[in-house]
Structure formats: C-alpha cells, structure tokens
Amino acid sequence: MERKKVAPGVYLTTLDAEKFNRCRITIHLRFPARRESATDAAVLPLVLERGYAGCPDMTALSRKLARLYGADLGVDLGNAGVDRVLTVDICGIKDRFALADENLTGEYAAIAFGIVFEPYLVDGLFDPEAVRIEKEALALRLDAEFNNKRLYCVRQARRKFYGSSPAGIELGGYKSDLPSVTPATLKAEYDRILALSSIDVMVQGADAARVEDLLLRKLENVTRSPRPFAPAMAMPVTDPRHYTEAIPGLTQAKLCMLFTRGTTEDLPSITVLRMAMGLFGGTTTSRLFRNVREKQSLCYYCGASALRATGVMMVDSGVEPGGEARAEEAILRELNDLCTKPITGDEMEDCRRSLLSSLDSLSDSLGGLESWYYGQIVRDEALAPPEYGKVLTQAVTADEVREVLQSYHYSVCYALTAKEEGGQA
C-alpha cells in the first residue's frame, strides 16, 4: 500500500486488491462538526446521492451505474472522533474485465468526483425539490428513533453524557432545525466542507494514476484551506448520574451505562482497547455474556464498546422491566472483578481467537480492508496490513487489559422502563 500527499490536505492511498475481480474508489472528506449546521450536514449526503452535474437525474444515474456492469454507489456521513466524515464510494468490476475495453476506472472516478466536486445545482444552489424530498426523508428517520428503543436509549444516554460538548452534536441533525434548511444553507455547508476538509482518496484495484490525474483536475477550481483535525477529548469525571424514562407498553427495558476516562492523556492502543472490550462484553466468551446473560439470566443481551478518541466506554443491555438495578449492579461487579482480580489465560485466548478471526475476515471484502486502513489514517498511524494487527493482538497481556479498564469511571446510566397502568413506573 502507498499513501502520498497530492495537494494541501489531499491524500491518495493505493491499496492492493489483486485477489478481487472488483475495484473500489472511496473519497473521505473529514471536516469539523458544527452545531449550527449539523442538520444541513445530515441532509447533504442524501441530496448528493441523487446525482451530480453530469448526471442530475436519479433514474439516469441508476441506468449509468447499471451500464457499468452493475456498479454500486454510496454516500454517507459518519464520525471520526469529534469530526465528521462525508464518504462517497463506488465499486465495480475491474478494467480488465470490461467486455469492450471501456475505461471503467475513468467512469467510476468521474461519478465519484462528480458528486464531491460538481453537485447538481439550480441557479447556483441545490435543487429545491431534492432538498424538500430529503428533508422529509430525514424527518421520518429522526421520528423513527423512538420506535427503536435500544437506539433511543443509547442516544438519550449520550445526550446526558456529552451535553453541549462538541462530541454531543447529533450526527443525524435536529428535527427542530429542518425548517431552516434551505437550498442556500445546504450550499453554504457544502462549500464549508469542501474548503475545510482533509480529503483522503483510497483506490483499490483501479488505475491509481488515472484517479490522481482526474482528482488534480477537479481540485484546480476549488478554493481550499484545510483545518487541523479536532483533538481527542474526554468528558470530566463526575459522580454517577442516573436517569429513568417510563414508557407505556414497554415489554423489554433498556439500560445504557456510559463511562469516561476523564483525560486525553495516554490514549490506549486500539489493539489493547479491542481486547479489553472483547473480554468485558464484546464477544460470546466475555464476562458480560457468560455471567450476566447466561449464568444469572439478568438480561436478553449485554455488550460493551469504546470510542478511543472521545474517551467513552458504553455498556448497553436489554433487561426485564424492574430488573434494571440488578443488571446494573451485576455489570459493575464484572467490571470491578476484571479490574481487581485475575484474568485467566483461557479468557485471554478465547477473546484473542475471536479478534483474530475478525481480522482474518477483513481481507474478504474491499470495504473491510478500506475501513481498516482509513481507521489507521484517522488515528494518524502508519499504514499496516491486518496481519500486523494480528501480531499486535497476540502480544496483548492481561495487565494491559486491566490497566485500560481501570481508567474508566462510571458517569451516566440511562434506563427505559415500563410505565405501569395508572401512571406509576
């Protein structure tokens, strides 16, 4: 693999894809999140995915992709720590499999770069009809959050945990802000993203030289001033705060517990962090799965995860209504035991095998490999293959796991429980 800087704040990464008969071009635009335009940022990928200046009609775009032997196109918005990442990716068969020697790399790159650099505009602004349709679609998606009680509980806990900090800006935007989203505000947010973002173009199995040439030509007409990435953050250590929300007719209560490291110093290795989460609650051999779910039957599911850049660890669980306190106590007990008592060799090896299997599976897909390498870019690490991740995983010790888990402090517990008849929870 090779990563090189081709312009200020613009990088091209070429990854090996010899074993695949398909290729992939992905463009990541990492930019600073902003509360006042968060909803515009959430609407933007929905509008961009409808087409671009060279192919503004959704039906025409679908036909174009079909003619390119069924190429797949995606536009999405995600997180990279506190920052946002707008991603455009296109995947299709390699040039050498084209039946009429078509320049497929050029076609794929033209579509992907067209969406990023040449969106379809009407009188210099985004198409009002497209904006209206996608605002309605986003409103429905935001309304649907409450119907997914697990997701709703997690998001409510995050809102209490992060508060008004930069990490608390909603990725999906705010329904109350939707009326303020217009073709003009959307264009302003698009311009901001294009100007401030760090751009990473990742090429797998396509002609990297052609992609680079087209990328440089597209950049000629763009005024840019890329910003530094947002630094890692952590919410301060506080006494645990408990919140309970009673919902009529709830058949399975939800519990979300959030922990903070309280500091951005000495960020843990991502490999050790994965092992720690795997041992605590990330695998079917973890303490939470074996003890809280299987042995004590206190929950339907119970898992742990962590975000390195924002210093948070989360445990989320589905429990019997009325059993939230018992489940919380059991979860905290398992965490304390991992922090203060021996971790067996068998536990370490069971977790290690699970993580090694996941690393092996990365090489089965272009998307899996691309995500692996972009994760290293986001963490400002040297690019290394999943095989190196396996070497690092083999070297993790129980003491390293314990040290990571000991760094977390209980911060927020959010529970959804059933509201009994007569209004009493």
More than 12 heavy atoms of other groups within 6.0 Å of [X] [atom1]:
| X | atom1 | value |
| --- | --- | --- |
| Arg132 | CZ | yes |
| Asp123 | CG | no |
| Arg241 | CZ | yes |
| Asp380 | CG | no |
| Tyr388 | OH | no |
| Lys341 | NZ | no |

Hey, is the main chain of [Y] close enough, under 3.5 Å, to the side chain of [X] for a donor-acceptor pair?
| X | Y | answer |
| --- | --- | --- |
| Trp372 | Leu359 | no |
| Lys135 | Val181 | yes |
| Ser411 | Phe259 | no |
| Ser361 | Ser358 | yes |
| Ser354 | Asp350 | no |
| Gln204 | Arg24 | no |
| Arg227 | Phe31 | no |
| Thr283 | Gly278 | yes |
| Glu400 | Thr397 | yes |
| Glu134 | Val43 | no |

Phe161/Thr260 under side-chain contact (heavy atoms from CB on, under 4.5 Å): CA gap, chis, key distance, verdict: CA-CA 9 Å; Phe161 179 79; Thr260 181; 3.8 Å; yes

For the residue pair [X] and [Y], what are the closest heavy atoms and their distance?
| X | Y | value |
| --- | --- | --- |
| Ser317 | Val319 | OG-CG1, 3.6 Å |
| Cys23 | Leu366 | C-CD1, 3.9 Å |
| Ala304 | Phe280 | CB-CD2, 3.6 Å |
| Cys351 | Thr285 | N-OG1, 4.1 Å |
| Pro268 | Val404 | CB-CG2, 3.8 Å |
| Ala184 | Leu125 | CA-CD2, 3.9 Å |

Run the salt-bridge test on [X] and [Y] with the 4.0 Å N-O cut-off and return the result as yes or no.
| X | Y | answer |
| --- | --- | --- |
| Asp200 | Arg3 | yes |
| Arg150 | Asp316 | yes |
| Arg159 | Glu145 | yes |
| Arg50 | Asp127 | no |
| Arg326 | Glu329 | no |

Exercise: do [X] and [Y] side chains pair donor with acceptor under 3.5 Å:
| X | Y | answer |
| --- | --- | --- |
| Thr417 | Glu324 | yes |
| Gln376 | Arg379 | no |
| Thr185 | Asp40 | yes |
| Thr271 | Arg274 | no |
| Ser37 | Glu189 | yes |
| Glu328 | Tyr410 | yes |

Could you check if a side-chain atom of [X] sits within less than 4.5 angstrom of a side-chain atom of [Y], using non-hydrogen atoms only?
| X | Y | value |
| --- | --- | --- |
| Val412 | Met257 | no |
| Arg352 | Gln394 | yes |
| Asp16 | Met1 | no |
| Cys302 | Val315 | yes |
| Asp76 | Pro45 | no |
| Tyr162 | Met235 | yes |
| Leu48 | Val116 | no |
| Glu212 | Val6 | yes |

From CA spacing to verdict: side-chain contact (heavy atoms from CB on, under 4.5 Å), Ile247, Lys149: CA-CA 10 Å; Ile247 297 176; Lys149 296 301 186 289; 3.9 Å; yes

What is the distance from atom [atom1] of [X] to atom [atom2] of [Y], rounded to the nearest 0.5 Å?
| X | Y | atom1 | atom2 | result |
| --- | --- | --- | --- | --- |
| Ser165 | Met233 | OG | CE | 4.0 Å |
| Tyr373 | Leu15 | OH | CG | 6.0 Å |
| Arg22 | Asp72 | CZ | CG | 5.5 Å |
| Arg287 | Asp337 | CZ | CG | 6.0 Å |
| Glu370 | Ile25 | CD | CD1 | 12.0 Å |
| Thr87 | Leu29 | OG1 | CG | 8.0 Å |

Pair Leu279-Ser286, side-chain contact (heavy atoms from CB on, under 4.5 Å): steps then yes or no: CA-CA 5 Å; Leu279 280 164; Ser286 68; 6.0 Å; no

Check against side chain to side chain donor-acceptor pair (under 3.5 Å), Tyr414 and Glu245: CA-CA 8 Å; Tyr414 200 95; Glu245 182 176 350; 2.5 Å; yes

Working for side-chain contact (heavy atoms from CB on, under 4.5 Å), residues Thr13 and Val203: CA-CA 6 Å; Thr13 303; Val203 181; over 6 Å; no

cation_pi(Lys187, Phe126) dist<6.0 Å, angle<=45: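 Ring-cation test returns no.
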
Arg35 to Tyr174 six-membered ring, cation-pi geometry met (6.0 Å, 45°): yes

Mutual orientation of the aromatic rings belonging to Tyr374 and His28 [parallel < 30°, tilted 30-60°, perpendicular > 60°]: parallel

Trace of the ring pair (Phe, Tyr, Trp, His ring centres under 6.0 Å) decision for Tyr52 with Tyr120: CA-CA 4 Å; Tyr52 59 102; Tyr120 173 57; 9.9 Å; no

